[in-house]
Structures are given as structure tokens and as C-alpha cells.
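Report on the structure given below.
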Amino acid sequence: MKFGVIVFPGSNCDRDVAWVTQGLLGQPTRMIWHEDTDLSDIDVVVIPGGFSYGDYLRCGAIARFSPIMRSTIEHANQGKFVLGICNGFQVLTEAGLLPGALVRNRDLHFICESAPLTVINSNIPWTSEYQVGEVINLPIAHGEGCYYADEKTLEELETNHQVLFRYGTDKTPKPEENPNGSLNNIAGICNPQGNVLGMMPHPERASDPMLGNTDGIKLFKTLLR
């Protein structure tokens with residue numbers, strides 16, 4: 001399986017992802033500059049964390065207009081896999097591949113810590129290595145990671161089982177375990193087809209045993225099955 005990691009001006013987690021896909025899992029991986037358009041050889045597109053285009057205007061708002069995103073939308077519409085992590089999640093919502101938006105954290109400051117997450121849905125390829133109700137710990141590092149959507153969209157996400165991860169140690173949202181104010185404690189969602197995943201926590205930063213946490217490696221391993 002071949003991974004393609006998009007590189008925007010301001011991306012800073014692209015090499016972390018490549019280390020996981022190529023360094024740890026031994027899968028062919030190509031770094032894709034934001035001005036490129038060819039994804040014909042790619043199975044999984046990863047939009048990494050960072051500050052695409054300096055996060056000017058709004059997080060992900062400029063990146064959505066890049067040439068590579070037009071190709072990424074086509075890639076997703078063909079049913080192929082797309083993963084957006086942190087800033088990548090913001091880009092996916094701006095591009096319309098996922099519903100809702102990521103806004104300023106509840107307390108209006110940047111958060112950098114390890115957060116417990118509960119797995120809500122393990123019936124799609126991204127999460128099939130996990131168990132429903134399993135609690136994992138992944139790093140978070142964002143200033144605009146508060147997930148917001150209107151009431152109808154939230155209801156559809158829950159009804160269609162598109163919520164994959166919640167902040168906290170229980171499937172039921174607990175306000176005291178919500179680090180950034182995300183509605184319903186949402187940390188990660190997918191599209192209705194299940195091939196596009198966006199999440200604020202960083203699984204690539206919890207994949208190498210040398211870092212003392214491998215809770216994130218399953219997210220990548222499950223695709224190889």
C-alpha cells in the first residue's frame with residue numbers, strides 16, 4: 001500500500017507521518033508538494049498537522065484551494081483513503097470532505113498534552129484494530145481544535161456512526177474530560193462512506209515504541225489488512 005503525505009508551506013508533522021508509514025511499517029511513501037496534482041500511484045493520502053500557509057485567514061482555509069486538494073477530493077470521491085490529522089482535519093472540513101468546523105479552543109489557548117480517547121466505532125477500516133469502548137492515549141497540540149457543527153449535523157454524525165473517537169474515558173461524553181470544548185467531546189469523525197477520516201489527536205506521535213506509546217500505530221496498521 002502506497003502512502004502520499006501532502007506537504008504545505010507550514011506543515012511540520014509530515015516527516016513524523018512518513019517515519020510511521022515508511023520507517024516503522026515499511027510501506028512505500030511519497031512526499032507530495034502542495035502544487036502537485038498527480039495522485040495516481042497513491043492509495044492513502046495523509047494531510048499532516050502543522051500550520052498550512054501559516055494558518056492565515058483561518059486554519060485550513062487557504063490550503064483548501066491548493067492544486068493538490070482538488071486531486072485529493074477526486075481521490076476521496078473514488079472511494080480511496082484520506083486521513084487528515086490536526087491541521088489536516090481542519091483542511092478537510094474547509095474543503096467540504098467532512099462536515100462541521102474546527103474553531104478556537106474553549107479557553108482560547110494552545111493545548112499541548114496527552115489526552116485519553118474512547119473508541120466509538122470500530123466497524124470501518126481505520127479503526128478495525130481497536131475495540132469499541134477501548135481507551136487510548138494520543139498527543140494533542142492545537143489552538144483551534146474545538147469541533148463545532150449545527151444540531152442537525154451532530155445528530156447525523158451520531159446516528160450514522162461517523163464519530164470514531166471521543167475525548168475522555170467513556171463512550172458517553174463527560175464535560176470534565178473535554179480538553180478543548182468540542183461538541184459531544186468529538187475528537188475524530190469520518191464521512192458516511194468511511195474512507196475519509198479527520199482527527200485532532202496525533203496518532204503518528206504515538207506509534208514508535210521509543211516514544212513509550214504505541215496506541216496510534218493501529219490506525220495505520222489496520223489499513224494494511
Side-chain angles (χ1 to χ4, degrees), residues 2-24 29-39 42 44-76 81-115 138-148 165 179-182 186-189 196-208 211 216 219-220:
K2 188 168 185 178
F3 289 81
V5 183
I6 296 178
V7 182
F8 294 107
S11 294
N12 64 13
C13 299
D14 45 329
R15 303 294 168 175
D16 302 65
V17 173
W19 171 246
V20 175
T21 59
Q22 188 170 38
L24 297 179
T29 301
R30 178 162 69 90
M31 310 305 286
I32 304 171
W33 187 236
H34 67 117
E35 293 179 339
D36 294 341
T37 58
D38 184 13
L39 294 175
I42 300 299
V44 184
V45 172
V46 183
I47 309 176
F51 304 90
S52 58
Y53 298 94
D55 276 348
Y56 294 117
L57 183 62
R58 188 175 61 248
C59 294
I62 299 177
R64 63 164 292 194
F65 294 108
S66 65
I68 194 59
M69 283 309 299
R70 291 194 290 271
S71 300
T72 299
I73 291 171
E74 182 179 345
H75 181 91
F81 294 110
V82 177
L83 168 63
I85 303 170
C86 199
N87 188 231
F89 188 7
Q90 295 163 342
V91 174
L92 291 178
T93 59
E94 290 286 343
L97 284 174
L98 290 174
L102 284 308
V103 300
R104 290 290 301 276
N105 293 343
R106 174 187 53 218
D107 297 325
L108 304 182
H109 61 76
F110 191 89
I111 300 171
C112 186
E113 59 188 42
S114 181
L138 297 181
I140 57 174
H142 55 252
E144 295 170 281
C146 175
Y147 183 78
Y148 177 83
F165 301 102
N180 56 26
S182 291
I186 288 174
I189 63 172
V196 178
L197 164 61
M199 59 190 300
M200 288 308 296
H202 288 266
E204 80 282 8
R205 295 183 182 178
S207 293
D208 192 329
L211 299 178
L219 190 79
F220 299 95

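In this chain, residues are counted from 1 in sequence order.
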Looking at every heavy atom in both Gly50 and Asn12, which two are closest together, and how far apart are they?
CA-OD1, 3.1 Å
Where do Ser66 and Phe8 come nearest, in terms of heavy atoms and distance?
OG-CE2, 3.4 Å
Out of curiosity, Ser11 OG to Asn87 CG, how far, rounded to the nearest 0.5 Å?
7.0 Å
How about CZ on Arg30, more than 12 heavy atoms from neighbouring residues, nucleotides or ligands closer than 6.0 Å, or not?
yes
Enter the distance from Leu138:CG to Phe165:CZ here, rounded to the nearest 0.5 Å.
7.0 Å
Please identify which of these residues, Arg106, His109, His142, meets the side chain to side chain donor-acceptor pair (under 3.5 Å) condition with Asn180.
His142
Find out whether Ile140 and Pro179 are in side-chain contact, i.e. whether some heavy atom of one side chain is under 4.5 Å from a heavy atom of the other.
yes
Spacing of Tyr53 atom OH and Arg64 atom CZ [to the nearest 0.5 Å]:
12.5 Å
Going from NZ on Lys2 to CD on Gln22, what distance comes out if it is rounded to the nearest 0.5 angstrom?
10.0 Å
Is there a side-chain contact between Ser71 and Asp36 (heavy atoms, below 4.5 Å)?
no
Report the relative orientation of the aromatic rings in Tyr147 and Phe89; use parallel for angles under 30°, tilted for 30 to 60°, perpendicular for over 60°.
parallel
Can you see which heavy atom on Cys146 is nearest to which on Asn105, and at what distance?
N-OD1, 3.7 Å
Check Val17 against Pro48 and note the closest heavy-atom contact, atom names and distance.
CG2-CB, 4.3 Å
Working to the nearest 0.5 angstrom, can you tell me the gap between Thr21 OG1 and Leu83 CG?
10.5 Å
Of all residues at least two apart in sequence or in a different chain, which pass the side chain to side chain contact (heavy atoms under 4.5 Å, CB included) check with Ser114?
Asn137
Quick one: does Phe51's side chain get under 4.5 Å of Cys86's, heavy atoms only?
no
Could you check Leu39, Ile73, Thr37 and say which one makes a side-chain contact (heavy atoms from CB on, under 4.5 Å) with Ile68?
Leu39
Given Val5, Ile6, Ile32, the one that forms side-chain contact (heavy atoms from CB on, under 4.5 Å) with Asp14
Val5
Before you tell me yes or no, could you show the steps for Ile85 and Cys13 under side chain to side chain contact (heavy atoms under 4.5 Å, CB included), namely the whole-Å CA-CA distance, both residues' side-chain angles and the distance that decides it to 0.1 Å?
CA-CA 9 Å; Ile85 303 170; Cys13 299; over 6 Å; no
Evaluate Met31 against Arg15 for side chain to side chain contact (heavy atoms under 4.5 Å, CB included), listing each step before the verdict.
CA-CA 9 Å; Met31 310 305 286; Arg15 303 294 168 175; 3.7 Å; yes
Does atom OH of Tyr56 have more than 12 heavy-atom neighbours, drawn from other residues, nucleotides or ligands, at distances under 6.0 Å?
no
Hey, is the main chain of Glu144 close enough, under 3.5 Å, to the side chain of Gln90 for a donor-acceptor pair?
yes
Can you give me the closest heavy-atom contact between Ala95 and Met69, atom names plus distance?
CB-CE, 3.9 Å
With a 3.5 Å cut-off and sequence neighbours excluded, list the donor-acceptor pairs that the side chains of residues 198-206 form with protein atoms.
residue, atom, partner, partner atom, Å
His202, ND1, Glu204, OE2, 2.7

Any sub-3.5 Å donor-acceptor pair from Ser52's side-chain atoms to Ile62's backbone N or O?
no
What's the separation between atom CG in Leu98 and atom CG in Leu197, rounded to the nearest 0.5 Å?
7.5 Å
